[in-house]
Amino acid sequence: MKKKKRQIETDLAHFGEEREAYSGAVVSPIFQTSLFTFKDWDAISDAFDNRTTSFIYSRGNNPTVDIAQKKLAKLAGGERALLFGSGMAAISAAVLHCAKNGGHVVSVKNIYGPANNLFYTYLKDKMDLSVSFVSGVDIKEFEDAITDATSLIYLESPSSGIFSLQDIAAVAKLAKSRGVKTIIDNTWATPCFQKPLKMGIDLEVHSCTKYIGGHSDLVAGVIIGSNDLLDAIYVREYEWLGGKISPMESWLITRSLQTLPARMKIHETNALQIASFLDEHPKIEKVNHPGLKSFDQYELGKKQMSGYSGLLSFRLKTNDLKKIKTFFNSLEIFQIGVSWGGHESLIYALAISYGKELNQQQFAGTGLTYGDIRISVGLENVDDLIEDLKQALELI
């Protein structure tokens, strides 16, 4: 009889665990150790021969970290995962591995602000890297932007702020035909709702601080991909730059993964109801949420995502900063904060930080204004969240 494929919730609960080795503990222990000892010369010598998978020193591998990495790789459909101390550490390691001195990168322009600066400022100055920023909504943009010097296409789908989509499978196919590596930031959808590696993307990165962590109590990042690519990153960018994660944060990630599918379903349901409410409100000009039928790329979203997360944005029908601040400051349940993906609902205006992090040309390229508001819809009662937005909107 053919073995039935396990559901994702079961895999996250049990895959990668070795409970017999931990006296049957249902929750795996934290290996809070900096190094591991060996019985003799040959044993430690053999470990160094296989250092990408051996436990030698916790700047490299650690059993607690290993459990979380195995679960994340399984979830995303990758062969291996590497956890880092932050999302930007993961992004930087992946990008540095693929970028070349004096080379060229094609990137979506509406990406996470620090990632934008990594390309536009840091690597431009340090590596003489040139970057072509595109909106990413049309595959022809990528075709036209690729040059003989292009070594990387960087995606973020849905993208920051405006949540525009890229045709992931089409970009991956184009990149492979031109010998170009691809990286995607898949933090918004999570591997629960989008599987870029199965669409042909080389490397998938996440800020685990967001939905994967889910409790606003850790900062971490991950790269997921093939064994060959991750082994190559391990012995270069991972070991040399030292962006390792602590056992404690890895243990918290393993804890959070147990509830990730259940949490994402609530985030999705709550956010869709709120997006629909905002879409019909007379004081809202536009709502950016791929799950709305009014969203320009709704059909593409349905094609490459199996669900939607709780992060969305909308534009108020006013440019009056005083009125915008009145709305912003009058919310009672939505807390003001820069991050997202936790159990609590948050509100933020991206223009606040983007206007400080990016130069005028970069900021103009995002198309954002102070009236563009981003909300992270949490796990609270959705009726209470809608009432909170309603009362604040009535004040402007």
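Values below: all heavy atoms of this structure, side chains included; hydrogens, waters and symmetry mates excluded.
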Query raised in the report: Would a hydrophobic clustering, with Ile, Leu, Val, Met, Phe, Trp and Tyr connected at side-chain separations under 4.5 Å, put Phe277 with Val287?
Result: yes
Requested in this report: State whether Lys140 and Asp144 are salt-bridged, where the test is any N-O pair (Lys NZ or Arg NE/NH1/NH2 against Asp/Glu carboxylate O) under 4.0 Å.
Outcome: yes
Report task. Kindly check if the number of other-residue, nucleotide or ligand heavy atoms within 6.0 Å of OH (Tyr57) is above 12? Result -> no
Requested in this report: Answer yes or no: are there more than 12 heavy-atom neighbours, outside Asp217 itself, under 6.0 Å from its atom CG?
Outcome: yes
Query raised in the report: Do Val131 and Leu123 belong together in a cluster built from hydrophobic side chains that touch within less than 4.5 Å?
Result: yes
Query - Which residues share a side chain to side chain contact (heavy atoms under 4.5 Å, CB included) with Arg315, sequence neighbours left out - result: Glu285, Thr369, Asp372
Query raised in the report: Can you name the side-chain hydrogen bond (donor to acceptor under 3.5 Å, both in side chains) partners of Glu156, sequence neighbours left out?
Result: Ser160
Report task. Go through the side-chain N and O atoms of Asp388 and Gln391 and say whether any donor and acceptor fall under 3.5 Å apart. Result -> yes
Query - Lys124 side chain to Thr121 side chain, donor-acceptor N/O pair below 3.5 angstrom - result: no
**Report entry** Backbone of Gln166 reached by a side-chain donor or acceptor of Gln304 within 3.5 Å
**Finding:** yes
Query - His289/Phe163 aromatic ring centres below 6.0 Å - result: no
Query raised in the report: Tell me, do His215 and Arg255 make a side-chain contact under 4.5 Å, heavy atoms counted?
Result: yes
Query raised in the report: Do Ile223 and Phe119 share a hydrophobic cluster (ILVMFWY, side-chain heavy atoms under 4.5 Å, transitive)?
Result: yes
Requested in this report: Taking the side chain as every heavy atom from C-beta outward, state whether Phe193 and Trp188 have any pair of such atoms under 4.5 Å apart.
Outcome: no
Query raised in the report: Should we count OH of Tyr122 as having more than 12 external heavy atoms under 6.0 Å?
Result: no
**Report entry** Arg51 side-chain N/O to Gly60 backbone N/O, donor-acceptor pair under 3.5 Å
**Finding:** no
Query raised in the report: Considering only heavy atoms from C-beta outward, does the side chain of Ile375 approach that of Phe314 to under 4.5 Å?
Result: yes
Requested in this report: Kindly compute the distance separating OG (Ser86) from CD1 (Ile91), expressed to the nearest 0.5 Å.
Outcome: 8.0 Å
**Report entry** Salt-bridge present (Glu204, Lys195; N to O < 4.0 Å)
**Finding:** no
Query raised in the report: When you look at Leu197 and Asn186, which way does the side-chain contact (heavy atoms from CB on, under 4.5 Å) test go after all the steps?
Result: CA-CA 10 Å; Leu197 298 177; Asn186 193 35; over 6 Å; no
Query raised in the report: Is any NZ, NE, NH1 or NH2 atom of the basic residue among Lys286 and Asp279 found under 4.0 Å from an Asp or Glu carboxylate oxygen of the other?
Result: no
Query raised in the report: Same cluster or not: are Ile183 and Leu83 linked, directly or through other Ile, Leu, Val, Met, Phe, Trp or Tyr residues, by side-chain heavy atoms under 4.5 angstrom apart?
Result: no
Query raised in the report: Would a 4.5 Å heavy-atom cut-off, applied to side chains only, mark Asp66 and Asn61 as touching?
Result: no
Report task. Apply the test side-chain contact (heavy atoms from CB on, under 4.5 Å) to residues Asp202 and Leu229: give CA-CA distance (whole Å), side-chain angles for both, the deciding distance (0.1 Å), then the verdict. Result -> CA-CA 8 Å; Asp202 294 306; Leu229 268 175; 3.9 Å; yes
Report task. Using the test side-chain hydrogen bond (donor to acceptor under 3.5 Å, both in side chains), find all partners of Glu387 that sit at least two apart in sequence or belong to another chain. Result -> Lys390
Query raised in the report: Roughly how far, to the nearest 0.5 Å, is CG of Leu174 from CG of Asp167?
Result: 10.5 Å
Side chains of residues 321-338: which donor-acceptor partners sit under 3.5 Å, not counting sequence neighbours?
from, atom 1, to, atom 2, distance (Å)
Thr326, OG1, Lys322, O, 2.9
Asn329, ND2, Lys325, O, 3.2
Ser330, OG, Thr326, O, 2.5

Report task. Mark yes when over 12 heavy atoms from residues, nucleotides or ligands other than Lys303 sit less than 6.0 Å from its NZ; otherwise mark no. Result -> no
**Report entry** Sub-4.5 Å side-chain heavy-atom contact between Asp185 and Leu155
**Finding:** no
Query raised in the report: Is a side-chain donor or acceptor of Arg236 paired with a backbone partner of His97 at a separation under 3.5 angstrom?
Result: no
Report summary line: Residue pairs meeting ring-ring contact (aromatic ring centres under 6.0 Å, His included), one or both in residues 239-260, sequence neighbours left out, come to none
Query raised in the report: Taking Ser45 for the side chain and Trp41 for the main chain, is one N or O donor matched with an acceptor at less than 3.5 Å?
Result: no
Report task. May I ask you to test the Glu79-Leu230 pair for a side-chain heavy-atom distance under 4.5 Å? Result -> no
Query raised in the report: Do Glu141 side-chain atoms and Gly136 backbone N/O form a donor-acceptor pair below 3.5 Å?
Result: yes
Query raised in the report: Should we say atom CG of Asp148 is surrounded by more than 12 heavy atoms from elsewhere, each under 6.0 Å from it?
Result: no
Query raised in the report: Are side-chain heavy atoms of Ile67 and Thr254 found at a separation under 4.5 Å?
Result: yes
**Report entry** Shared hydrophobic cluster, Leu96 / Phe84 (ILVMFWY, side-chain heavy atoms < 4.5 Å)
**Finding:** yes
Requested in this report: Check whether more than 12 heavy atoms from other residues, nucleotides or ligands sit under 6.0 Å from atom NZ of Lys283, and answer yes or no.
Outcome: yes
Report task. Would you please say whether a donor-acceptor pair under 3.5 Å links the side chains of Ser58 and Ser34? Result -> no
If you look only at distance, which donor and acceptor atoms sit under 3.5 Å apart when one is on a side chain in residues 101-114 and the other is two or more places apart or in another chain?
from, atom 1, to, atom 2, distance (Å)
His104, ND1, Thr150, OG1, 2.6
His104, NE2, Ser132, OG, 2.7
Asn110, ND2, Thr366, O, 3.2

Query raised in the report: What is the ring orientation for Phe55 with Phe36, classed by angle as parallel under 30°, tilted 30 to 60°, or perpendicular over 60°?
Result: tilted
Query raised in the report: Does the side-chain hydrogen bond (donor to acceptor under 3.5 Å, both in side chains) test come out yes or no for Thr64 and Ser250, once each step is laid out?
Result: CA-CA 6 Å; Thr64 307; Ser250 301; over 6 Å; no
Report task. Answer yes if the ring centres of Tyr211 and His267 are under 6.0 angstrom apart, and no otherwise. Result -> yes
Report task. Look at the side chain of Ser207 and the backbone N and O of Gly221, then say whether any donor-acceptor pair between them is shorter than 3.5 Å. Result -> no
Query raised in the report: Distance-only, no hydrogens or angles: does the Gln297 side chain make a donor-acceptor pair with backbone N or O of Pro290 under 3.5 Å?
Result: no
**Report entry** Leu311 and Val377, any side-chain heavy atoms less than 4.5 Å apart
**Finding:** no
